[in-house]
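All chains are named by letter (A, B, ...) in the order of the sequence lines, taking the proteins before the strands, and each is independently numbered beginning at 1. Note that the structure is predicted; figures quoted are calculated from it, not measured.
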Number of protein chains: 2
Amino acid sequence: MNLSYETFLQEFEALVEDEWSCLFDLYHEKLNLKNRKIATKKFQTIIECVFKLSQTKGFQAMTLRDLSQESGISMGGLYKYFSNKNQIAEMIHAAMIQMAETCLKIRQYRHQDPVFELNELLARHVFLSERLKKWFYFVFMECKSLDKDLMETIIASERFMENAIHQRIVDANQQGLSQCTNPDFVSAMLKVMLQEWYLKSWKYQQKNINADQYVANLLLSVYQLIQVK
Amino acid sequence: MNLSYETFLQEFEALVEDEWSCLFDLYHEKLNLKNRKIATKKFQTIIECVFKLSQTKGFQAMTLRDLSQESGISMGGLYKYFSNKNQIAEMIHAAMIQMAETCLKIRQYRHQDPVFELNELLARHVFLSERLKKWFYFVFMECKSLDKDLMETIIASERFMENAIHQRIVDANQQGLSQCTNPDFVSAMLKVMLQEWYLKSWKYQQKNINADQYVANLLLSVYQLIQVK
DNA sequence: CAGAAAAAAGCGAACATTCGCTCGTTTTTT
DNA sequence: AAAAAACGAGCGAATGTTCGCTTTTTTCTG
């Protein structure tokens, strides 16, 4: 494995610039926003406040007056950047899906070695969720606030990830590279450890464990769990 | 390992009877409830409706009018069984802590073999969360609705579990029974797989995997991850 | 380049609705 | 007949949303 978080970050910035311009590109027409510089700046303050407030009290319990006070933007001012409260959650989800697909799907080329592919898949996911920590956390915790279409997109992409992991394990078995007797269970385990990284990020920050070290631990476990020869 | 879900269930019923009488015992004085038979029955319908509604829309978004309609109990009638909305969440948490402590702590005797102890610990937790699926799910998803004291109790018990796992691994290493190079990571992994069982229970129900089979998979992974000799 | 006119962004009091909760009354149980 | 449980319309507070107005930014023009 040679991919590091640092090189991933460069790739990320080349592909999607940053979160706020991604939001602007997706929604500036629908919201009649003209000035890109102002709008991206505002998006940043608003969404960061949303993350902060929903981390402590949850999105549903967060009041628009809370958000107004925390961000320093008036009620009427806020409504220039979304047309109703639920759209905030919708925008966050849509932008995250957009960024994730740009960063992960573009690398879905088939390599000859399924074990290598599995490593690559896991590492990329950890790095992406490290870069978009708050976004992943929000999407996981607040998916209740979504309409059905978006929710199904989220579930589908989760399932896609687990299937991708599962397939690599089965392939490795068939090619005689590994001896995994319970691929279903192991792929569930690996997927859950991808979630652990962004759901409990404070824990690993506290223990001084960075994304690269986490990936190293994860890959060691892979070797043990699928019994690589 | 010889503990099965069936034998665990017998133990459980001997220790705590059931959820609803546990709730009654904890709160009947504070709420002035006299008739045990009526009250436990009402608790059951109310709490089961709370689980149902908060699974689909979340506890915060659940209205007491929703709850009234779903349970067939009037607004005023509901308020005989709690004194404010947040107390519902509080009661659920308190009762679950009560039941979990009764079922887990009573078995914290030290055995000579740390690997055996680890197995026992993991199996018991899976079985308990299987019996109290909805409770565990609710506590995980809705812990935001809690006051600080209860929240810290929850966090403490989580930490206790992870430490207990960690300690058994370290002990096994020291006794030369295993060779685990990353006990921190592995114990996080095992703890997360305990959560997986109740957070994604629908998934395993769909795949026809029961608690005993899940435990078997879990213990196999333990052997691989801590390199038992 | 200056300054006026137009457009965009920002403001916050006011509105309708909804929610948690109460309480006087009725029904059921003891 | 007394006590406990259940009822449900109604209250005040809080919330999402709107809209007429002000401020800031951009564009146009002499």
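- For Phe24(B) and dA4(D), the CZ to C1' distance is 13 Å, given to the nearest whole Å.
- Annotation: side chain of Leu150(A) is not in contact with side chain of Ile154(A) (no heavy-atom distance under 4.5 Å).
- We find that CG of Leu78(B) is positioned 10 Å from P of dA6(D), with the value rounded to whole Å.
- Residues Met193(A) and Phe185(B) have side chains in contact (heavy-atom distance under 4.5 Å, counting atoms from C-beta outward).
- A side chain to side chain contact (heavy atoms under 4.5 Å, CB included) with Tyr81(A) is found for exactly one of Lys42(A), Gln87(A), Met91(A), namely Lys42(A).
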Please encode protein proximity along nucleotides 19-25 of chain C as a string of B, S and -, counting only heavy-atom distances under 4.0 Å. BBBBB--
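- For Lys80(A) and dT23(D), the NZ to P distance is 15 Å, given to the nearest whole Å.
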Go through Glu142(A) and Tyr137(A) one step at a time and tell me if the side chain to side chain donor-acceptor pair (under 3.5 Å) criterion holds. CA-CA 8 Å; Glu142(A) 310 293 352; Tyr137(A) 187 86; over 6 Å; no
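- Atoms CG (Leu31(B)) and P (dA6(D)) sit 12 Å apart, rounded to a whole Å.
- The distance between atom CZ of Phe43(A) and atom C1' of dG10(C), rounded to the nearest whole Å, is 15 Å.
- Ile73(A) comes within contact range of the sugar-phosphate backbone alone, with a heavy-atom separation under 4.0 Å but no base atom that close.
- Under 4.0 angstrom from either OP1 or OP2 of dT25(D) there lies no side-chain N or O belonging to Lys34(A).
- Under the 4.0 Å criterion applied to side-chain N and carboxylate O atoms, Lys191(B) and Glu196(A) are not assigned as salt-bridge partners.
- If you measure from atom OH of Tyr81(A) to atom P of dT17(D), you get 18 Å, rounded to the nearest angstrom.
- Here dA7(C) presents its C1' atom at 12 Å from CG of Asn32(A), a figure rounded to the nearest Å.
- The interatomic distance linking Arg36(A) (CZ) with dT26(D) (P) rounds to 15 Å, in whole Å.
- Around the CZ atom of Arg159(B), the shell of radius 6.0 Å holds no more than 12 heavy atoms that belong to other residues, nucleotides or ligands.
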